[in-house]
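Protein chains get the first letters and strands the later ones, always in sequence-line order, with residue 1 at the start of each. Remember, predicted model here, so these are calculated numbers, not experimental data.
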Amino acid sequence: MKFFKRHNNVLPGFGVTLGFTIFYLSIIVLIPLSALVFRTAGLTWGEFVTTVTAPRVLASYKITFGAALAAAVINSIFGVLVAWVLVRYRFPGRRIVDALIDLPFALPTAVAGITLATIYSPNGWVGRFLEPHGIKVAFTPLGIVLAMTFIGLPFVVRTVQPVVEEIETELEEAATCLGATRWQTLVRVIFPLLTPSILTGFALSFARGVGEYGSIIFIAGNMPMVSEITPLLIITKLEQFDYRGATAIACVMLLTSFTLLLVINLLQKWSRRYAE
Amino acid sequence: MSIEIENIAKQFGTFTALGDVTLSIPSGELVALLGPSGSGKTTLLRIIAGLETPDSGRILFNGTDTTQSHVRDRKVGFVFQHYALFKHMTVFDNVAFGLNVRPKETRPTKEEIRERVSKLLRLVQLEGMAGRYPAQLSGGQRQRIALARALAVEPQVLLLDEPFGALDAQVRAELRRWLRKLHDEIHVTSVFVTHDQDEALEVADRIVVMNRGKIEQSGTPDEVYEHPANPFVLNFLGNVNLFHGRLQQTGEQPGAGENAVSYVRSHDIEIDRSPQDSTALCAEVRHIQKLGPAVRVTLAIAGSPELVEAELTRDVFQNLGLQQGESVFVRPRQVRVFVEDYQI
Amino acid sequence: MSAPIHTVHSNKSPTGRAQTEPPVVRWLLIAAALIFLTLFLALPLAAVFSQAFEKGLTVYLDALKEPDTLSSIKLTLITAAVTVPLNLFFGVTAAWAIAKFNFTGKNLLITLIDLPFSVSPVISGLIYVLIFGLQGWIGPWLQEHDIKIVFAVPGIILATIFVTFPFVARELIPLMEAQGKEEEEAALVLGASGLQTFFRVTLPNVKWGIIYGVILCNARAMGEFGAVSVVSGHIRGMTNTVPLHVEILYNEYNYTAAFAVASLLAFLALITLMVKSIAEWKVRQQLENS
């Protein structure tokens, strides 16, 4: 096997650094993750299917994936808008806004969770205006969408932003010179250029939402069958010492994540297809 | 220091960068490795430096095999194509780097280093620039700093990869002359890579013409220019103005001459109003293009589909008073004949 | 001929651009974006501090001085102090191997390094329970020898290392790749040793990339909730990190104290964003200079 065979190069340290990289990767990531797969393999196929398709589990998938999808859609629309505004327009406070975009990356999820729950609770800053209209956010599935939108917000902005920056003015000028209206230029020239990055951002935001735990549990209400997300279900099973159940559901989640990761990688490859 | 290159071969995946190259570079010479891109010249230079390891063959410095020794121990000066100056260091620190990284026992004192660096900066005519950062220098200045940095460790061999490649025409011509002068002063064995025949012809003591991982010819500039070993060398050194013509029975032919092709440089073509001798061919003036001091005339040979380009000086052109569409006689002054099956 | 050449990329000012939207459209779009960001970012941030100081400074300070809070701060600092250096060392080593050399399997390796980002935090904690927990692979052996990993500090540290694993590496790999290896080769030709080359040439060039990676790694290490929650066991004053302590206070309806402690983390997030912005700017500059 010619894996990890280096093609000659005079820089030193290849063996040592690659060796350490693989060693550390194995003990921290690969071996622990494989433990999950091996533990699941201890179940029979029947047990596995029964566990991961129990009504309560299915309901949790529906909530988790449904909310993550909704959040990813919201983030795609507003993410593109924010990226466009930040790159193309100048307004006071632009730099601060730009820096603040990454807040969901930097703010611990527990803090985000209790804050969102407080703001959107019936007597919170925003919740009190929604309550009279019969809109309940906190402790409902809507709250889950809200939390997932918050934590996934930077992904679309940060994948689309550099692409907007890279668009050459000449491209738009060329389109205009050829007689295109501004709207035609946007739809036919700019939007196709942004599509791969929007899809990548969408997938990243979706993947993040599916796995999220900390910011959601405070606002979700956590009612089984209604507002209980899959990661929480895993923890519940674990607390009931139902290790097999927890492991089986976790395995399904893990497979989903890997599939999403694969999709994201393919999307990124696709987005580079015109690169020189 | 002399360099012997013995049967060097190098493969990158399925691409043969160098196939069995043997070359000897005498001490103190300034040698140009000349060839088109992909000819293996840069690979050969990097193998001499020790930046690449050959698949087979040996490199000898002054008769000692250095194939296995590390770049660090080879004592070569290497000037990279894009200079590879350390961006975060001042010009002074860049030039002093090779001295500063020596082990304590052999490292010169701070004072000595300062002296050596300022001497080198004087040599490359950039005395006032010691405190600047690379980003604050022009291309030509960076080039000279890269050279000073390479010379600071007193290398036995100086290797330069496309030293003038990234510069604009005027700076390029200036630096070329300057490098030649510098070499005459310090006489360190030097090898530089270039794809520009003028550069090689002007600067080098010896030109090694390379193509497809092989050496086509090696010799002084006069030798390779006057007596090219094959059509490739002629083509590459001939200002690209070629005369493709099948020579008929004219006596100058080699024995089995039917399939031979003869090549004539464009400035070796004479144009006359009347036939001077039996080698003259009838032709029609198709196009006249003035190129500064010279004039390029495109001619169609009667009875042949080929076009011929001739380069005349302005004087000759004016004396002839050529007009487009006129019929004239052309006569090759110097013809080189090569057997046709040679692949360019 | 001595004009500096790094003006090429900068100055992408959109003013003077012939192609743009009418002012009305422009301001409508800006307004829409800002309203969205206010609702989702500015408001929560303001809420943290407002709730924390709702009952005045003394209450705020008292909440922070509480022994359980102090011990959770201590545990969080310890966790970060172990995690960040380990992942920094790993990130730099991995980036060297991946960015400066070509080898088969490189893309696979990069994907594997990124894995922890795509795994749910809950699973990141679970896998360590499966190995070190009582019902885990080596749990019984650990109990025999009286070594506690899960529901103790080592478990918290392990889970934190897992979730922050890719930060430094994924920042450094593209940066070091973009910088190529010509400068390193130049240093070697000039006689520098491998370590000299690394410390004098490579490191200064990726300094800001490292700072960027470290600050993000640190923010996540100090703020991780899900993974740590699974392995911690929630023992007050023993295995509670700051985010876990926030949860406990909140669930006890001690909102002011919860937000007081949360404000520490929010403050950390703000500092992180600041350093990150500076580092980003510096990295851009470095890349433009090369």
Checking heavy atoms, do the side chain of C:S229, its backbone, both or neither come under 4.5 Å from chain A? side chain

A:V29 portion near chain C, given a 4.5 angstrom heavy-atom threshold: both

Please state whether the side chain, the backbone, both or neither of C:L130 comes within less than 4.5 Å of a heavy atom of chain A. both

Considering only heavy atoms, which portion of A:L260 lies under 4.5 Å from any heavy atom of chain C: side chain, backbone, both, or neither? neither

C:V48 versus chain A, the contacting section by heavy-atom distance below 4.5 Å: both

Which atoms of A:F105 come close to chain C, meaning under 4.5 Å heavy atom to heavy atom: side chain ones, backbone ones, both, or neither? neither

Comparing C:E247, C:M222, C:R26 against chain A, the one with the most heavy-atom pairs below 4.5 Å turns out to be C:R26

Could you look at C:Y250 and say if it's the side chain, the backbone, both or neither that has a heavy atom under 4.5 Å from chain A? side chain

Report which part of C:L268 has an atom under 4.5 Å of a heavy atom belonging to chain A: side chain, backbone, both, or neither. neither

For A:I264, is it the side chain, the backbone, both or neither that has a heavy atom under 4.5 Å from a heavy atom of chain C? neither

Among C:I271, C:V261, C:L37, C:V230, residue most engaged with chain A (heavy-atom pairs, under 4.5 Å): C:L37

If one checks every heavy atom of A:V82 against chain C at 4.5 Å, the contacting part turns out to be both

Considering only heavy atoms, which portion of A:I114 lies under 4.5 Å from any heavy atom of chain C: side chain, backbone, both, or neither? both

Under a 4.5 Å heavy-atom cut-off, does chain A meet the side chain of C:L43, its backbone, both or neither? both

Under 4.5 Å from a heavy atom of chain A, the part of C:A46 involved: both

Report which part of A:L107 has an atom under 4.5 Å of a heavy atom belonging to chain C: side chain, backbone, both, or neither. both

Aromatic centroids of C:F117 and C:F167 separated by under 6.0 Å: yes

Given that the side chain runs from C-beta out, which part of A:L186 has a heavy atom under 4.5 Å from chain C: side chain, backbone, both or neither? side chain

With heavy-atom distances below 4.5 Å as the criterion, would you say the side chains of A:L81 and C:F36 are in contact? no

Part of C:S118 lying under 4.5 Å from any heavy atom of chain A: both

Heavy-atom distance under 4.5 Å to chain C: side chain of A:N265, backbone, both or neither? side chain

Please look at A:L100 and chain C and tell me whether the side chain, the backbone, both or neither of the residue comes under 4.5 angstrom of a heavy atom of that chain. both

Cation-pi check for A:W84 against A:R88: NZ or CZ below 6.0 Å from the six-membered ring centre and within 45 degrees of the axis, yes or no? yes

Region of C:Y128 in contact with chain A, defined by heavy-atom distances below 4.5 Å: side chain

Applying a strict 4.5 Å limit to non-hydrogen atoms, the region of C:F90 in contact with chain A is both

Using a distance-only test with no angle check, is there a side-chain donor-acceptor pair under 3.5 angstrom linking C:T256 and C:N254? no

Which region of C:N218, side chain (C-beta onward) or backbone (N, CA, C, O), has a non-hydrogen atom less than 4.5 Å from a non-hydrogen atom of chain A, or is it both or neither? neither

Name the region of C:S124, side chain, backbone, both or neither, that has any atom closer than 4.5 Å to a heavy atom of chain A. neither

Answer with side chain, backbone, both or neither: which region of C:I215 has an atom nearer than 4.5 Å to a non-hydrogen atom of chain A? neither

